[in-house]
Amino acid sequence: GLGVFSVSTKWDWGQILCPHLWVHYNNLIGRLHKYFFTYFETFPAPTAETLFLLILSILAMESAHSIRFLYRHFLSGITEKSLNAFYYVCSYAKADYSRFMNVTAAMVLKLIPERLKSQPVFLCIDDTMVAKFGKKFEDVSKLFDHAAHNGSNYLNGHCFVSLMLCVPVWRKHRIVYLAVPLGYRMWKKETSKLGLSASMVRQVMSEFSAQKNVIILCDSWYAKKDLVCVVDEYENLDVICNARYDSVLYDLAPQPTGKKGRPAKHGRRLSLEEDFTLSNEKIGDYYIGVRQVLTNLFGQREVLAYVTASEKTKGSRRLFFSTIFPHQMQIFCAWQEKEPLNQTGSSRMQYIPLLCYYFRWNIEVSYYEQKTFWSLCSYMVRSSRGIEMLVNLMNVAYCAMKILPYQEDAFSKYRSESVQEFRFALSEEIRRQVFYATFLQNIETGIKSNAFINALKQLLWHQCSCLHKL
């Protein structure tokens, strides 16, 4: 069971969170209160309390169609705060929500088992579009969406750049990478998405000082100098990225000949079709060719270029770059849960950096889950600050469903379940606990019936026993 109730001989709910909801750190709401307040430590107490209630309502209602929806169906029953208080805290409160990324990153890194500390961790970068029909949202604009399915490649809405952290954990004696989105930033026309993503990476890198290898994973749109230049600023940071097919590649610079004149900075120009020898058999779904090259994107830094093809003699080819070499990575391939990384023997070691690029797909899964099941697109706040705050609060709640099963043994059975399953279980218990707390408050201040209160205690004790048997 979830271990949500702690019934003692004295009826003591502990700390008063608000007039209608008292919590104790041994029950579910108390434990959630303790977990989420890590994000709000530097905020004023009223702001922190209001933000926690918003997150609690998101979990209890299993969706967040709007702040008004959360207030009408949940918040108004447990707090005397007005609806405007929740709108105000999102848009105008003195709260730096950018630090949510650092708090989440620090939590996730603590989940890495001691034996896996040397394994690489991955930072996935991408952006997603949110269509909005109204034109009164701040910074709303016409955006090009290559994946649009509405008959047009343009939509009216917002674009969010996000960062995801993937760390190794044990699950059923296998290594799996737990993927946790760190945060979202709304793209505005004053800055580029490349500059925005680079600033997000710089902000969280302070949390990775103890990590041996931190690797950025991004698609070809983000493989530009404005982002990859960040790699040169940190010794433990590298990048594995998809790249444009027409990227210019050069062979390594030849050895100096001793003749007069400036030595050549690079060798001859390489062709993806003729200068890469593909593997004899498919590795995963593709034939792969690899060689060390120089490219304008990374200046004089030597990188690995990978070329993949679904057919060996025909069909299109894709290009990838890696600034990290196989001998610089310590990764336990045989213990990996998924193919093809767990099938990498000594003959395939040179392909390991490219195979790690598969972890980037986790960010697409996260977008799907948050948009479909977590109401990421349903915000109805006008100011861009309020939108960013609400979106990041939803993300903090989503991250908790990923982190708590590894952080607390009571939730460990949800490690292999979807985050939606875990949220459903928490939602039931939150609503049940709120019902009992509110009911008890009314009884104590109204009827003053000790017999009834004792009967209610027995009912709670029975509920607790039943939950622990599950």
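Every value quoted in this text rests on a predicted model; they were computed, and no experiment measured them.
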With sequence neighbours excluded, tell me which residues meet salt bridge (charged side-chain N to carboxylate O under 4.0 Å, His left out) with [X].
X    : value
E235 : none
R415 : none
R174 : none

Report all side-chain donor-acceptor pairs from residues 192-202 shorter than 3.5 Å, counting only partners two or more places apart or in another chain.
residue	atom	partner	partner atom	Å
S192	OG	G195	N	3.0
S197	OG	K193	O	3.1
S197	OG	L194	O	2.8
S199	OG	L196	O	2.7
R202	NE	E233	OE1	3.0
R202	NE	E233	OE2	3.4
R202	NH2	E233	OE2	2.9

Of all residues at least two apart in sequence or in a different chain, which pass the side chain to side chain donor-acceptor pair (under 3.5 Å) check with [X]?
X    : answer
Y286 : none
T308 : none
Y379 : H158
E369 : Y398

* Among pairs that include at least one residue of residues 225-269, which meet ring-ring contact (aromatic ring centres under 6.0 Å, His included), considering only residues two or more places apart or in two chains? -> Y250-H266
* **No-hydrogen, no-angle side-chain donor-acceptor test under 3.5 Å, Q328 and N213** => no
Hey, can you pull the donor-acceptor pairs under 3.5 Å for the side chains in residues 276-283, sequence neighbours left out?
residue	atom	partner	partner atom	Å
S279	OG	E281	O	2.8
S279	OG	I288	N	3.1
E281	OE2	R348	NH2	3.0
K282	NZ	S310	O	3.3

* Quick one: list whatever passes side-chain contact (heavy atoms from CB on, under 4.5 Å) with S66, sequence neighbours left out. => R68, F69, M380
Solution key, residues 296-304 side-chain donor-acceptor pairs under 3.5 Å, sequence neighbours excluded:
residue	atom	partner	partner atom	Å
R301	NH1	D232	OD1	3.3
R301	NH2	D238	OD1	3.1
E302	OE1	Q292	NE2	2.5

